[in-house]
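Let me begin by presenting the structure, written as C-alpha cells, before commenting on it.
Just so it is clear: chains get the letters A, B, ... in the order the sequence lines come, proteins before strands, and each one is counted from 1. Keep in mind that the numbers below use all heavy atoms, side chains included, and drop hydrogens, waters and symmetry copies.
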Number of protein chains: 2
Amino acid sequence: MTRSQTRIQKKNTGAILGAALDVFSLQGFRGTTLDQIAQAAGLSKPNLLYYFPSKEAIHDALLMGLMDTWLDPLRELDSDGNPVEEIVAYVLRKLEMARDYPRESRLFANEIVQGAPRILDQIEGPLRDLVNDKAEVIRGWISTGKLAEVDPHHLIFSIWSTTQHYADFDIQVRAILHPEGDAHYAEAGQFLQALYRRALTPG
Amino acid sequence: MTRSQTRIQKKNTGAILGAALDVFSLQGFRGTTLDQIAQAAGLSKPNLLYYFPSKEAIHDALLMGLMDTWLDPLRELDSDGNPVEEIVAYVLRKLEMARDYPRESRLFANEIVQGAPRILDQIEGPLRDLVNDKAEVIRGWISTGKLAEVDPHHLIFSIWSTTQHYADFDIQVRAILHPEGDAHYAEAGQFLQALYRRALTPG
DNA sequence: AAAGAGTTTGACCAAATGGTCAGGATCACG
DNA sequence: CGTGATCCTGACCATTTGGTCAAACTCTTT
C-alpha cells in the first residue's frame with residue numbers, strides 16, 4: 001500500500017516522531033500540544049498535520065512502534081538456559097533499556113497509569129500471551145528444582161517495576177541520590193543482581 | 001488565620017477534593033478539566049472556584065495532604081526491631097497502601113513521571129532526608145551482620161516500585177492476571193515477602 | 001525548462017477551557 | 001423576623017488548542 005517514502009518524508013516523519021517522544025513522554029498525551037511538537041521538530045503546525053492526520057495519530061505511531069521493542073528482552077528468556085542466569089540477564093537487559101530509552105519507558109508509563117486507553121488491546125492480547133508463555137517456562141524451571149519456588153507472574157511484575165522505576169521515577173531517584181550522570185545505574189545493577197540471585201537460587 | 005470551617009464548607013471542600021482525586025489520578029493534571037471535577041463533585045464550575053482559587057490550588061492541596069501519609073510507613077521503620085522483619089513489615093504495609101489508596105499512588109506517579117514540577121521541593125527536602133535517615137539505619141543493621149549486604153537506597157527504591165506497581169500499573173496487572181477483585185494482592189504479598197526474606201536474611 | 005508531484009505556510013475557524021462577575025438564593029444568629 | 005455573612009449560578013470572556021484550506025514554494029523527472 002504505502003509507496004516508498006521520499007527523502008524529505010523520511011527526514012520529517014523521523015523528526016516529528018523524535019520530537020513527539022520527547023514531549024509526550026514528559027507531559028503525557030493531553031498535556032502535550034501540537035505547537036510544542038512542531039517547535040521541537042522544527043516544523044510549522046500545519047506541516048505536522050501534513051505528515052500525520054492528527055495528534056492522536058502521532059501518539060499511536062509511537063506506541064505501536066514501541067510495543068515490540070519493549071517486549072524483546074522478555075522474548076529472549078531461553079527455557080534451555082540456566083534459570084537463575086537467564087533471569088538475572090533479563091533483569092540487567094531491562095535495566096539497560098531503562099537507562100538507554102527512558103523516554104520510551106515514560107511514554108509507556110504515562111499510558112498505563114492513565115488506564116491504557118489506547119493500548120489495552122495490545123496488553124490484553126500479545127503482551128498477556130507472551131507473559132503467560134514465559135510464566136510457564138519459569139514454572140517448568142521451578143518444577144525441576146532449578147529455581148526457588150516463586151509465583152512467576154509476580155516475579156515478572158517485580159522485574160518490570162524495579163527496572164523501569166529508574167526511568168519513570170528518574171526525577172525522584174536523582175533528587176535522592178544526586179548521582180553523576182548515569183552512575184547510579186551500575187549500583188542498581190549490582191543491587192538487583194544480588195537481590196534476584198539470592199532470592200531465586202534454590203535450596 | 002483561617003476561621004473554623006462552616007458545615008457547608010467542610011462538606012463541599014471534601015467533595016471537591018474527593019472528586020479531584022478521582023479525576024487527577026486517572027487523567028493527570030493537564031488532562032483534567034474543571035468541569036470534570038465539578039461534575040464529579042456535584043457542583044457547578046463557578047462554585048468550585050468559590051472554594052478553591054484555581055485548578056492548580058486543588059491539585060496542590062491534594063499533593064500536600066498526601067505527602068505526609070505517604071511517607072508514614074517508612075517513618076515507622078524501627079531501628080530497634082528485628083531487621084528482616086522490620087523490612088518485610090514495611091513492604092507489606094506499602095502493599096496495603098497500594099491496595100487501599102490506589103488513587104493517591106497514581107496521583108503521585110503521574111506527578112513524578114512528568115518531572116514532579118509541583119513537588120520537587122518536597123522530594124529534595126523532607127523525603128530525601130527521611131530516606132537518607134533510614135538508609136543509615138539499614139546500614140547499621142548490615143554492619144552488625146543482622147542483614148545481608150545490600151545498598152540501602154536501592155533496597156528502598158525496589159520496595160517502592162514493586163509495591164506501588166500494583167496501584168500505578170493496575171490496568172496492566174489486571175489485564176494479565178484477570179483477578180477476582182483484589183485477590184491478587186494476597187499473592188503479591190506472599191511473593192514479595194518471600195523475595196525480601198530470602199534476599200535479606202544474612203548468611 | 002516545464003510540468004506535475006510533493007512540501008510548506010499564513011490566515012483562519014470552532015470548540016474547549018480556566019477563570020470572572022454581578023446578582024440572587026440561602027443560612028446562621030441575634 | 002431581619003440582617004449580614006455565606007453560598008451559588010447564569011452569562012460572559014480571553015486564551016489555548018486541534019485542525020482546515022487555498023495558495024505559494026520547491027523538488028524531481030523528463
Original post:
Less than 4.0 Å between a side-chain N and a carboxylate O, is that true for B:Arg75 and B:Asp68?
Top reply: yes
**OP:** Could you run through nucleotides 10-19 of chain D and give me one letter per nucleotide, 5' to 3': B if any protein heavy atom sits under 4.0 Å from the base, S if only the sugar-phosphate is that close, - if neither?
**Re:** B------SBB
Original post:
So which pairs with a foot in residues 76-96 of chain B pass ring pair (Phe, Tyr, Trp, His ring centres under 6.0 Å), sequence neighbours left out?
Top reply: none
**OP:** Starting from P on D:dT9, measure out to OH on B:Tyr50 and report it in whole angstrom.
**Re:** 12 Å
Original post:
Does NZ or CZ of B:Arg118 come closer than 6.0 Å to the centre of the six-membered ring of B:Phe29, within 45° of the ring's axis?
Top reply: yes
Original post:
Between C:dT7 atom P and A:Lys11 atom NZ, what is the distance in whole Å?
Top reply: 10 Å
**OP:** Would you please confirm or rule out a distance under 4.0 Å between OP1 or OP2 of C:dT7 and any side-chain N or O of A:Asn47?
**Re:** no
**OP:** Please state how far atom CD1 in B:Ile8 lies from atom P in D:dC7, giving the value in whole angstrom units.
**Re:** 6 Å
**OP:** Figure out the OH/C1' separation between A:Tyr51 and C:dT9, and round it to whole Å.
**Re:** 13 Å
Subject >> Validation row, ring centre B:His154 to ring centre A:Tyr166 under 6.0 Å >> reply: yes
**OP:** Calculate the interatomic distance between A:Leu43 atom CG and C:dG10 atom P; express it in whole Å.
**Re:** 13 Å
Subject >> Exercise: identify the closest heavy-atom pair between B:Ala98 and B:Ala167 >> reply: O-CB, 3.6 Å
**OP:** Indicate yes or no: does B:Arg197 engage B:Glu85 in a salt bridge with an N to O separation below 4.0 Å.
**Re:** yes
**OP:** Using atom CG of B:Leu48 as one end and atom C1' of C:dT17 as the other, report the distance to the nearest whole Å.
**Re:** 13 Å
**OP:** Indicate whether OP1 or OP2 belonging to C:dA28 is found under 4.0 Å from a side-chain N or O atom of B:Arg7.
**Re:** yes
**OP:** Using a cut-off of strictly less than 4.0 Å, decide whether A:Thr6 has a side-chain nitrogen or oxygen near OP1 or OP2 of C:dA5.
**Re:** no
**OP:** Please determine if a side-chain N or O atom of B:Gln9 lies less than 4.0 Å away from the OP1 or OP2 oxygen of D:dT6.
**Re:** no
Original post:
Between atom NE2 in B:His59 and atom P in C:dG19, what is the gap in whole Å?
Top reply: 13 Å
Original post:
Below 4.0 angstrom from OP1 or OP2 of D:dC8, is there any side-chain N or O of B:Asn12?
Top reply: yes
Original post:
Closest approach of B:Asn110 and B:Ser25, non-hydrogen atoms and distance?
Top reply: ND2-O, 3.3 Å
